[in-house]
Amino acid sequence: MSDNIQTVTVLSKTTWTPNLFSFTVSRPDSFKFTAGQFVRLGVNPSQLKYYQQVEASDEVSNEALNEDIFRAYSIVSSPFDEVLEFFSIVIPDGAFTSQLQHLQVGDELLLNTMPFGFLTLARYQKPLPKDLWLLATGTGLAPFLSMLQDLKTWEDYEHIVLAYSARSTDELAYVEQIERLQDDFGSLVDNPAKLIFIPIVTRESVDGALSERLPKLLLEGTLQARAGIDLDVDTTHVMLCGNPDMVDDTKEALKTLGLVMNRRGEGNIAVENYW
């Protein structure tokens, strides 16, 4: 086993919907990361309690079950938390998530302790921090929750807009935690940013939530109107994380509105591409 791979223990599991769940694991003492980064998590299905409690079905060979499978996961928790939290979708035919859904407290996973990714606020050199827009679909919310539990985020910006899109109300996870962020973290710094949370539900009509896809909301100005803030090439940082279609389409919409990709520290738009 690589020196970077450490065993971690599942401490808790939260089921949001049949296809969405979160879980926490123990954090190795030496592990450090920056809010917004992701890691590679590994599971050996044959070692899960679920498979030790029931016989593996005829359709799944023991050989297939007894191997380490790794996938990339953004970290939900703060860089300063004592545990690590992750947010997962279940892909029915997915080699990893179809196994990970069976997690139980006490199960062991593998953690590659080398963090990856550049969806971090440190990447922004110009424009200087003023308005931060965090645009997420589904489990793409994870890195933004990590950033919003870092006090420096609240210190550096004047406004933070978190637009979080899901298909149904049930799939809007972490809403209660999001609604406490201003008090839990903003209250700990002088002159904190103002958090503006905009829920979006695309397949249901929900009071207080927008209903169109993010690109359309941006191009029509609906999202900006709800936030009460304009997108400005000189003051705006925008981060995108979620399904690839959303990321691609929203990126193009933002460019249509005059914003530019962040390269070598300069520019407005940053995306995560590990999906």
Side-chain angles (χ1 to χ4, degrees), residues 4-16 20-43 70-89 96-97 100-101 103-123 132 134 136-157 160 162 164 166 171-189 192-193 195 197 239 241-242 270 272 274-275:
N4 289 333
I5 306 298
Q6 293 200 33
T7 300
V8 294
T9 303
V10 177
L11 303 175
S12 69
K13 181 180 177 183
T14 301
T15 299
W16 302 102
L20 283 175
F21 65 98
S22 302
F23 58 98
T24 62
V25 301
S26 56
R27 177 174 181 167
D29 290 340
S30 60
F31 176 61
K32 295 181 180 179
F33 70 98
T34 300
Q37 287 189 307
F38 64 91
V39 293
R40 293 182 66 78
L41 278 180
V43 62
F70 280 84
R71 293 292 184 272
Y73 270 78
S74 288
I75 303 169
V76 172
S77 41
S78 159
F80 308 102
D81 277 349
E82 295 181 355
V83 302
L84 299 175
E85 184 167 356
F86 301 94
F87 185 21
S88 182
I89 188 171
F96 189 86
T97 64
L100 206 65
Q101 67 178 316
L103 277 186
Q104 297 178 27
V105 172
D107 276 331
E108 292 187 338
L109 298 176
L110 300 172
L111 171 70
N112 185 327
T113 56
M114 177 73 69
F116 299 92
F118 299 98
L119 193 74
T120 64
L121 294 175
R123 70 180 291 156
L132 175 63
L134 305 173
T137 55
T139 57
L141 176 70
F144 301 150
L145 286 177
S146 183
M147 293 174 194
L148 290 170
Q149 295 175 83
D150 188 335
L151 297 184
K152 185 166 172 50
T153 307
W154 295 89
E155 291 173 338
D156 285 354
Y157 289 90
I160 302 170
L162 174 61
Y164 175 27
E171 292 182 353
L172 280 177
Y174 289 99
V175 169
E176 290 185 5
Q177 180 177 340
I178 291 169
E179 291 175 341
R180 293 197 308 267
L181 286 169
Q182 186 86 47
D183 287 337
D184 289 351
F185 293 91
S187 64
L188 300 178
V189 304
L195 177 63
F197 173 47
M239 289 187 153
C241 193
E272 187 56 89
Y274 74 78
W275 201 276

So, taking the atom named CD in Gln104 and the one named NZ in Lys13, what distance separates them when rounded to the nearest 0.5 Å? 7.5 Å
Just to verify, what does Phe197 make a ring pair (Phe, Tyr, Trp, His ring centres under 6.0 Å) with, not counting sequence neighbours? none
Ser12 and Thr24: CA distance, side-chain angles, deciding distance, side chain to side chain donor-acceptor pair (under 3.5 Å) verdict: CA-CA 5 Å; Ser12 69; Thr24 62; 2.6 Å; yes
Just to verify, what does Phe70 make a side-chain contact (heavy atoms from CB on, under 4.5 Å) with, not counting sequence neighbours? Ile5, Arg40, Asp68, Leu110
Within the structure provided, determine whether Leu109 and Leu103 are in side-chain contact (heavy-atom separation under 4.5 Å). yes
Using the test side-chain contact (heavy atoms from CB on, under 4.5 Å), find all partners of Ser88 that sit at least two apart in sequence or belong to another chain. Phe21, Phe23, Tyr73, Thr97, Leu100
Taking atom OH of Tyr174 and atom CZ of Arg180, what is their separation to the nearest 0.5 Å? 11.5 Å
Compare every heavy atom of Pro143 with every heavy atom of Leu119, then report the nearest pair and how far apart it is. CD2-CG, 4.1 Å
Set of residues satisfying side-chain contact (heavy atoms from CB on, under 4.5 Å) with respect to Gln182, sequence neighbours excluded: Trp154, Pro192, Leu195
Return the CG to CD distance between Leu11 and Glu85, rounded to the nearest 0.5 Å. 10.5 Å
Flag side-chain contact, heavy atom, 4.5 Å: Val43 against Phe96: yes
Test item: Leu41 and Arg71 side chains (from C-beta on) under 4.5 Å apart, heavy atoms: no
Report yes if some heavy atom in the side chain of Thr113 is under 4.5 Å from a heavy atom in the side chain of Val39; otherwise report no. no
Is Leu148 close to Phe185 at the side-chain level, that is, under 4.5 Å between some pair of heavy atoms? no
Working to the nearest 0.5 Å, report the span between CG of Leu181 and CZ of Phe144. 13.5 Å
Judged by modelled atom types alone, do Thr34 and Thr120 share a side-chain donor-acceptor pair under 3.5 Å? no
I need the full list of salt bridge (Lys or Arg N to Asp or Glu O under 4.0 Å) pairs touching residues 139-155, with sequence neighbours left out, sorted by first then second residue. Lys152-Asp156
Smallest separation among heavy atoms of Gly117 and Gln37, with atom names: O-NE2, 3.3 Å
Are any non-hydrogen side-chain atoms of Val25 and Phe86 less than 4.5 angstrom apart? yes
Nearest-0.5 Å distance that lies between atom CD in Glu108 and atom OG in Ser26: 8.5 Å
Audit row: Leu162, Leu141, side-chain contact (heavy atoms from CB on, under 4.5 Å) steps and yes/no: CA-CA 9 Å; Leu162 174 61; Leu141 176 70; 4.1 Å; yes
Output for pair (Leu111 CG, Thr9 OG1), nearest 0.5 Å, gives 11.5 Å
I'd like to check the side-chain contact (heavy atoms from CB on, under 4.5 Å) partners of Ser78; sequence neighbours left out, ordered by chain and number. Phe80, Asp81, Gln149
Does any part of the side chain of Leu84, heavy atoms only, come nearer than 4.5 Å to the side chain of Val76, both counted from C-beta? no
